[in-house]
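Worksheet: one structure, shown below.
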Amino acid sequence: MMKLNEIHIDNKIEAGSERREWEERLALVLDIAEQMVISGAEVARTEYSIRRICKSFGAIRTEALSITTSLIVTVYYGDYGSVTQTRRVDKFAYNMDRLEKMNELSREICENHLKVEEGRKKFAELMLEKYYSFSAQILFFMMIAFSFTIFFGGSIKDAIVSALIAVLFKYIDKFARKIEINKFIPIVASSLLGGFLAIMAVRAGIADSVGKVSIGDVMLLIPGIMLTNSLRDMFGGDTITGGIRFIEATLIAVMIAVGFSASSKFYEEIFGREVMSNVREWPIYVTVITALIASFFGSIAYALTFNTGIKRLFGAGFGGLIGWASYLMAGYFMFSEPMKYFIAALVINIYAEFMAVKEKAPSTVFLVSAIMPLVPGGMLYRTMRLAVTGEWKKFGQLGVETLSVALALALGMLIANSLIKSMRKRRHEYNK
């Protein structure tokens, strides 16, 4: 009887020890997955990484659910053992370098069968890495505003003013993060001040167009890629994540439109003058060349704000250039705007997947920056501004066009990913 009790106690101790080990393993897995989500990883990549790492640790089965605000993972091990952990994801900031390195760490754990202690040590080292200084980030903001003002047809004067206003946006963002205020408040504040300063610059003669100055700064705020990714997630079956992102993107667009519209009204009330702009028309070849150059440097500027590694910058910029070139070339064969964006999205995704294989990095590293010249950020802003000003007929027309473009981009991205995955699967089966 004594021996039976001892065996029973030993079994309980052994089971408890195994459970503690799995809790430690799963905690590391969730730490890696959380950083991937925060850094901009898509749902499929995050869930795949979770399952792969858990399998390398010896899990019989792993159930993973990743949405924008939460991670839920259950691991089954042994005969009846299971562990479930959840993780709240309360922030989001594109960081392509960290995403790439977390992806590399997950591969290293799987390929080299690292122990938890080794994986934890490498994870801690990655989290200590420093990124661009605040001064450098200001320069990146200025570069984005300058490039996209030119991209949308603004003059050099407009681009310079837009870049200077971008400095203010960065300081507002820094202050908001410091006091941990609701994220919609700095967006409204930036839009209100940005719109008013754009008007004053045009009235003072140091800029030509309020709209062109504003659109360069709007590209710093508008959630165009969030809108596109939300539709892609919903098409891919991740309806919860897609729905949350779609609602958030719409709310942010409304806040931006409210801010810029309020600045115009505020100016007219104080000074009793209407907002005036002078838009200069350029020859078509000048417009095309400047747009291509601006798409290249604008994509690089975004890559820098996303903390993309230096060796990936040219690839990101070239992706933006060929994406916009594809859009322009498609225009010679078709008149439908959504179809042009669809073709461009296909080209960029194929390019991103090619670069991912060539450079052994996640395709997101190249895709998220290269797609920026195509995302309907300006269209989304103009749509919401029409709603704020009560121009409902134009709002409906432009709203349908904006959604059509976003859908075309999402479908292009989804179809390209599906085709490439299918080709990889067939190649893998052929090589067996």
Side-chain angles (χ1 to χ4, degrees), residues 1-91 98-128 233 236-241 244 360 362 364 421 424-425 428-429 431-432:
M1 185 72 178
M2 193 68 176
K3 289 183 177 179
L4 287 175
N5 287 336
E6 287 175 357
I7 292 171
H8 181 66
I9 292 171
D10 288 343
N11 287 339
K12 286 184 69 177
I13 292 172
E14 185 178 343
S17 176
E18 187 176 9
R19 181 177 178 84
R20 280 195 299 273
E21 287 179 4
W22 273 105
E23 286 175 347
E24 291 176 5
R25 292 168 183 166
L26 195 51
L28 173 61
V29 172
L30 278 173
D31 283 342
I32 295 171
E34 180 185 20
Q35 289 304 315
M36 292 179 73
V37 171
I38 292 171
S39 299
E42 62 273 31
V43 170
R45 177 176 297 280
T46 304
E47 293 181 352
Y48 174 74
S49 297
I50 290 171
R51 289 192 294 269
R52 194 176 176 202
I53 297 173
C54 290
K55 185 178 179 180
S56 74
F57 281 145
I60 295 173
R61 194 176 84 214
T62 304
E63 302 292 346
L65 174 64
S66 171
I67 59 176
T68 53
T69 56
S70 297
L71 289 165
I72 305 172
V73 182
T74 298
V75 172
Y76 298 90
Y77 62 91
D79 293 329
Y80 305 104
S82 66
V83 174
T84 299
Q85 289 187 14
T86 62
R87 184 70 57 87
R88 171 77 175 175
V89 182
D90 57 358
K91 56 184 177 179
R98 177 163 289 172
L99 170 59
E100 183 175 352
K101 287 177 179 176
M102 288 296 166
N103 189 64
E104 289 174 357
L105 175 58
S106 69
R107 286 185 176 183
E108 187 177 357
I109 290 172
C110 298
E111 293 172 1
N112 299 334
H113 300 286
L114 298 183
K115 294 181 179 179
V116 175
E117 296 78 13
E118 295 172 311
R120 177 66 62 189
K121 182 180 178 181
K122 289 181 178 292
F123 175 82
E125 290 172 355
L126 292 179
M127 292 302 294
L128 291 174
D233 288 338
D238 299 309
T239 51
I240 296 175
T241 299
I244 292 171
K360 296 182 180 179
T364 308
K421 285 180 181 178
R424 284 178 178 171
K425 186 177 180 181
H428 180 69
E429 291 175 351
N431 291 332
K432 279 185 177 181

Check your understanding: Can you check side chain to side chain contact (heavy atoms under 4.5 Å, CB included) on Ser56 and Ile109, steps first, answer last?
Key -> CA-CA 7 Å; Ser56 74; Ile109 290 172; 3.9 Å; yes
Point to revise | side chain to side chain contact (heavy atoms under 4.5 Å, CB included) assessment of Gln35 paired with Met127 | key: CA-CA 9 Å; Gln35 289 304 315; Met127 292 302 294; 3.6 Å; yes
Practice item. Decide salt bridge (Lys or Arg N to Asp or Glu O under 4.0 Å) for Arg25 and Glu21; before the verdict, give the C-alpha distance in whole Å, the side-chain angles of both, and the deciding distance to 0.1 Å. Key: CA-CA 6 Å; Arg25 292 168 183 166; Glu21 287 179 4; 3.7 Å; yes
**Study point:** Evaluation steps, side chain to side chain contact (heavy atoms under 4.5 Å, CB included), between Val83 and Arg19
**Key:** CA-CA 7 Å; Val83 174; Arg19 181 177 178 84; 3.8 Å; yes
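Around atom OH of Tyr48, no more than 12 heavy atoms belonging to other residues, nucleotides or ligands sit under 6.0 Å away.
Under a 3.5 Å cut-off, the side chain of Glu47 and the backbone N or O of Ser66 do form a donor-acceptor pair.
Atom-to-atom distance recorded for Thr46:OG1 and Arg51:CZ is 10.5 Å, nearest 0.5 angstrom. In this structure, Thr84 OG1 and Glu63 CD are separated by 10.0 Å, a value rounded to the nearest 0.5 Å. To the nearest 0.5 Å, atoms CG (Leu28) and CZ (Phe57) are separated by 5.5 Å. Here Gln85 contributes atom CD and Leu30 contributes atom CG; the two are 5.5 Å apart, rounded to the nearest 0.5 Å.
Listed by chain and number, the residues in a side chain to side chain contact (heavy atoms under 4.5 Å, CB included) with Ala59 are Trp22, Cys54, Thr62, Val75 (sequence neighbours excluded).
Listed by first and then second residue, the salt bridge (charged side-chain N to carboxylate O under 4.0 Å, His left out) pairs involving residues 110-119 amount to none (not counting sequence neighbours).
Between Arg87 and Val73, the closest side-chain pair of non-hydrogen atoms is not below 4.5 Å. Under the 4.5 Å side-chain criterion, counting only non-hydrogen atoms from C-beta, Glu34 is not in contact with Arg88.
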Give every donor-acceptor pair under 3.5 Å between a side-chain atom in residues 99-108 and any protein atom, sequence neighbours left out.
| from | atom 1 | to | atom 2 | distance (Å) |
| --- | --- | --- | --- | --- |
| Glu100 | OE1 | Arg312 | NE | 3.4 |
| Glu100 | OE2 | Arg312 | NE | 3.3 |
| Glu100 | OE2 | Arg312 | NH2 | 2.4 |
| Lys101 | NZ | Asp97 | OD2 | 3.3 |
| Lys101 | NZ | Glu129 | OE1 | 2.7 |
| Lys101 | NZ | Glu129 | OE2 | 3.3 |
| Asn103 | OD1 | Arg45 | NH1 | 3.3 |
| Ser106 | OG | Asn103 | O | 2.6 |
| Glu108 | OE2 | Lys122 | NZ | 3.4 |

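Across every non-hydrogen atom of Ile50 and Ala64, the tightest pair is CG2-CB, 3.9 Å.
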